[in-house]
Amino acid sequence: MGMTHIVDRRLNGKNKSAVNRERFLRRYRHHIKKAVSEAVQRRSITDVERGEKVSIPSKDIQEPIFRHGAGGRRDAVHPGNQEWVAGDTIAKPEGGAGQGQGQGQASPDGEGMDEFVFQITQEEFLEFLFDDLELPNLARKKLKDTEAFSFVRAGFTSQGVPAKLDVVRSLRGAHARRLGLSGARKRKIRELEAQLQALQTAPDDLDPAFSHEDQIKALIDEIAELKANVRRIPFIDEIDLRYRQHQKQPKPATSAVMFCLMDVSGSMTQMHKDIAKRFFILLYMFLKKNYKKIDVVFIRHHTSAKEVTEEEFFYSRETGGTIVSSALKLMRKIIEARYSPAEWNIYAAQASDGDNWNDDSPTCGKLLAEGILPQVQYYSYIEITPLDHQTLWYEYEKLMAEHPQSFAMQQIADPADIYPVFRKLFERKAA
């Protein structure tokens, strides 16, 4: 008898349990989301793509259990007792004599934290970070090139790999083959057995040319040979095996493009630029995490606009005056050249400090109202300023009143506002 070798090829080896971990993350989802939100406020957005340590309040990890209450009568056996005898009464211990390891220091806000701390991975961190977020108004457009495929059932084949073996279909074929090959033989056996029984009970020979015993022996030998032939028919043969066949079909992909517009003029201080960059890095991570096939177009502008690479968008520095309409004109030109609204879901996010050149703000409002908003699914504007709003904000307020479904605007005063504002702009709306 050969030995059985079991090879563990699970991704979560070394005594880990993916099922238990998933259940644990689901159970403490509220605490983990809170910890993730606090982590985003605490560290730089560029440092977001890593895991995080999460602490769970002790009151929330306790399981309900039964304990003996104080007092009452109970029997106990104390091995090695040299002091007490049956009938002695033992004094109740004084209160507060527990052997716990508490340090005797209360939390100032009355909310202590348990020592139970665990690590969530980068993948889990991003999962909780972008939970319940989506691109608004995403619609299926014309099918574009896609790398996503699905496999659909396409009947059965006699060739395949063991993993795709259809046991039921194979056994059904084997049963049909055995019936086909053995049916005639079994009928012949039944006929010969009937003859044998008649011969054994008959007083005279059925065939005078042979003796009674010879005829019985001939019948027994023929029946035995036919039964041996039936037994030699294999229970299952290679020709019976049937394998499930699948065909590769492309999955329709939702084609979407996100335009990122950022002001890099002189009025944008380094703090403003850092906040804008952090907002767009968060947006970029959100797009990468949730949408495998999505184009991102980066446009920087001061008095003139330029389409740039991701690296240049986030990290190069520029200065100068501000003409916001230059970025909107370039965006419209790129849409006309590469992204037909009939085939693409078009999104845009714009970050500015609200400062704009002379009378350019009304031009921006007209460009958006007539040339851009009718073509896009969603346009979001964030103004990075702790001060009073300028003309661009008031111009955009008119647009929001006219296009509440496709235009949204928010203000960011300091880095702590980035994540809440981001969630507000892209939270999943009720159907």
Side-chain angles (χ1 to χ4, degrees), residues 33-48 52 128-133 136 258-287 298-302 313-325 327-328 347-357 360-361 364-365 368 378-401 403-404 406-429:
K33 282 188 72 171
K34 184 180 176 185
V36 166
S37 178
E38 290 172 352
V40 172
Q41 310 293 1
R42 187 172 61 249
R43 61 194 192 193
S44 168
I45 298 293
T46 55
D47 192 31
V48 155
E52 174 68 15
F128 284 103
L129 184 66
F130 299 125
D131 187 36
D132 300 328
L133 299 185
M258 171 65 80
F259 284 85
C260 297
L261 286 64
M262 181 164 65
D263 182 3
V264 289
S265 64
S267 64
M268 288 275 284
T269 65
Q270 193 55 46
M271 182 202 74
H272 291 148
K273 290 177 184 177
D274 286 344
I275 289 178
K277 287 174 184 176
R278 289 174 65 177
F279 176 85
F280 281 117
I281 288 171
L282 192 60
L283 173 62
Y284 188 53
M285 283 167 46
F286 166 63
L287 296 173
F298 298 102
I299 297 176
R300 291 160 60 95
H301 75 89
H302 38 86
F313 182 81
F314 287 127
Y315 302 112
S316 71
R317 297 183 178 182
E318 291 183 42
T319 186
T322 311
I323 300 180
V324 176
S325 62
L328 300 179
Y347 293 84
Q350 178 188 354
S352 169
D353 63 346
D355 186 45
N356 200 10
W357 196 272
D360 188 54
S361 295
C364 293
L368 275 168
Y378 191 66
Y379 193 104
S380 57
Y381 170 68
I382 58 161
E383 188 163 292
I384 306 162
T385 175
L387 306 174
D388 293 334
H389 300 300
Q390 300 187 56
T391 56
L392 190 62
W393 177 274
Y394 299 117
E395 197 67 41
Y396 279 1
E397 272 187 330
K398 300 175 190 173
L399 291 173
M400 192 167 68
H403 303 85
S406 59
F407 189 89
M409 54 195 290
Q410 293 286 330
Q411 180 182 6
I412 293 179
D414 59 66
D417 295 336
I418 294 174
Y419 185 53
V421 164
F422 176 81
R423 288 194 65 86
K424 202 163 190 178
L425 288 172
F426 295 100
E427 66 185 354
R428 182 172 292 136
K429 304 293 191 296

| said: Does the plane of the ring in F298 sit parallel, tilted or perpendicular to the ring in F313? Use 30° and 60° as the thresholds. | reply: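 Plane angle between 30° and 60°, so tilted.
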| According to the interplanar angle, ranging from 0 to 90°, do the rings of F426 and Y378 count as parallel (below 30°), tilted (30 to 60°) or perpendicular (above 60°)? |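 If you compare the ring of F426 with that of Y378, the planes turn out perpendicular.
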Rounded to the nearest 0.5 Å, how far apart are [atom1] of [X] and [atom2] of [Y]?
X	Y	atom1	atom2	answer
I299	C260	CD1	SG	9.0 Å
K424	D417	NZ	CG	10.5 Å
M409	Q350	CE	CD	10.0 Å
I412	F422	CD1	CZ	10.5 Å
D355	D263	CG	CG	7.5 Å

| message | Ignoring hydrogens, what is the shortest heavy-atom contact between I418 and L282? Give both atom names and the distance. | response |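 For I418 and L282, the tightest heavy-atom pair comes out as CG2-CD2, 4.2 Å.
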| message | Using every non-hydrogen atom in the two residues, find where A276 and M268 come nearest and quote the distance to one decimal. | response |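 So the minimum-distance heavy-atom pair works out to CB-CE, 4.2 Å.
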| Name of the residue among H301, K273, K277 meeting side-chain contact (heavy atoms from CB on, under 4.5 Å) with M262 |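 Of the listed options, the one satisfying the test is K277.
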| Y381 side chain vs W393 backbone, donor-acceptor pair below 3.5 Å |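 No, the answer is negative, given that no donor and acceptor are paired below the 3.5 Å cut-off.
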| said: Donor-acceptor check, side chain of D360 to backbone of I323, threshold 3.5 angstrom: yes or no? | reply: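 A pair under 3.5 Å: no.
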| message | Side chains of P415 and R278, heavy atoms from C-beta outward: is any pair under 4.5 Å? | response |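 Yes - at least one pair of side-chain heavy atoms lies under 4.5 Å apart.
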| query | Heavy atoms, side chains only, cut-off 4.5 Å: are L328 and L261 in contact? | reply |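 Yes, side chains in contact.
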| field | Those residues that, when tested against T385, pass side-chain contact (heavy atoms from CB on, under 4.5 Å) (two or more places apart) | value |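 Expected list: E383, L387, Q411.
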| Considering residues at least two apart in sequence or located in another chain, which fulfil the side-chain contact (heavy atoms from CB on, under 4.5 Å) criterion with P386? |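 Per chain and number, P386 pairs via side-chain contact (heavy atoms from CB on, under 4.5 Å) with H272, A413.
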| request: Apply side chain to side chain contact (heavy atoms under 4.5 Å, CB included) to I275 and M271, showing your working. | output: CA-CA 6 Å; I275 289 178; M271 182 202 74; 4.3 Å; yes
| After noting the C-alpha distance and the side-chain angles of T322 and D353, does the key distance pass the side chain to side chain contact (heavy atoms under 4.5 Å, CB included) rule? | CA-CA 10 Å; T322 311; D353 63 346; 5.5 Å; no
| said: Tell me every residue that passes ring-ring contact (aromatic ring centres under 6.0 Å, His included) with F407, counting only those two or more places apart in sequence or in another chain. | reply: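 Residues passing ring-ring contact (aromatic ring centres under 6.0 Å, His included) with F407: Y379, Y396.
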| task | Check the pair L425, F279 against side chain to side chain contact (heavy atoms under 4.5 Å, CB included), reporting the backbone distance first and the verdict last. | result | CA-CA 11 Å; L425 288 172; F279 176 85; 3.9 Å; yes
